[in-house]
Amino acid sequence: MTASGTALLAATAVHLGFQATVTVLVYPALARAGADRWPEAHRAHTRAITPLVALIYGGLVVAGCWALLTGPGPWTWVALAATAAAALVTAFAAAPAHQRLGAGHDPRRIAGLLRADRARLAAALVAASAAVIATA
């Protein structure tokens, strides 16, 4: 097992744990906030989660670049592609949904955010699984 493979495995495992927590606990709790509590709940969520997102995605970028520099094998490519998919869903679906939801409670947008979040969880699961196979 290479050091870069270990780093990618660790980063994808942390990402999977974070994403599973968000999908199973954090977003359902946020979605239950009614329109009357929404602005406060959404602001608190954003303040709390933003530093974690930056740290976790930053770790994925560093580990992914290191893996690329060391000549990735096929399963590493799968892990990197799935990680990129999660990042793209974040950038083009979840982040814009949060931005729009900052303006107010909207059940349709909340449902869209939950769908995007499940896609990120699936991508994180694929990435971590592929990283496990790549380091075996």
The reported gap from CZ in Arg118 to OH in Tyr27 (rounded to nearest 0.5 angstrom) is 12.0 Å
Please tabulate, for the side chains in residues 47-72, all donor-acceptor contacts under 3.5 angstrom to protein atoms that are two or more places apart in sequence or on a different chain.
{"from": "Thr50", "atom 1": "OG1", "to": "Thr46", "atom 2": "O", "distance (Å)": "2.6"}
{"from": "Tyr57", "atom 1": "OH", "to": "His15", "atom 2": "NE2", "distance (Å)": "3.2"}
{"from": "Tyr57", "atom 1": "OH", "to": "Thr90", "atom 2": "OG1", "distance (Å)": "3.1"}
{"from": "Thr70", "atom 1": "OG1", "to": "Ser4", "atom 2": "OG", "distance (Å)": "2.8"}
{"from": "Thr70", "atom 1": "OG1", "to": "Trp66", "atom 2": "O", "distance (Å)": "3.2"}
{"from": "Thr70", "atom 1": "OG1", "to": "Ala67", "atom 2": "O", "distance (Å)": "3.1"}

Closest heavy-atom contact between [X] and [Y]?
X: Ala93; Y: Ala116; value: CB-CB, 3.8 Å
X: Ala128; Y: Thr12; value: CA-OG1, 3.6 Å
X: Ala82; Y: Ala127; value: CB-N, 3.6 Å

Apply the hydrophobic cluster definition, ILVMFWY joined by side-chain contacts under 4.5 Å directly or through others, and give me every member besides [X].
X: Leu121; answer: Leu16, Leu125
X: Phe92; answer: Leu88
X: Leu25; answer: Val24

Set of side chain to side chain contact (heavy atoms under 4.5 Å, CB included) partners for [X], sequence neighbours left out:
X: Ala31; answer: Ile110, Leu114
X: Ala85; answer: Ala123
X: Arg108; answer: Asp106

Can you hop from [X] to [Y] via hydrophobic side chains spaced under 4.5 Å?
X: Leu80; Y: Phe18; answer: no
X: Leu113; Y: Val89; answer: no
X: Ile133; Y: Val126; answer: yes

Excluding sequence neighbours, so at least two apart, what forms side-chain hydrogen bond (donor to acceptor under 3.5 Å, both in side chains) with His42? His98
Does anything in residues 123-136 pair up under side-chain hydrogen bond (donor to acceptor under 3.5 Å, both in side chains), and if so which pairs, sequence neighbours excluded? none
Non-neighbouring partners of Arg100 that pass salt bridge (Lys or Arg N to Asp or Glu O under 4.0 Å), sequence neighbours left out: none
Provide the full list of salt bridge (charged side-chain N to carboxylate O under 4.0 Å, His left out) pairs with a residue in residues 18-42, sequence neighbours left out, each pair given once. none
Does anything in residues 100-125 pair up under ring-ring contact (aromatic ring centres under 6.0 Å, His included), and if so which pairs, sequence neighbours excluded? Trp38-His105
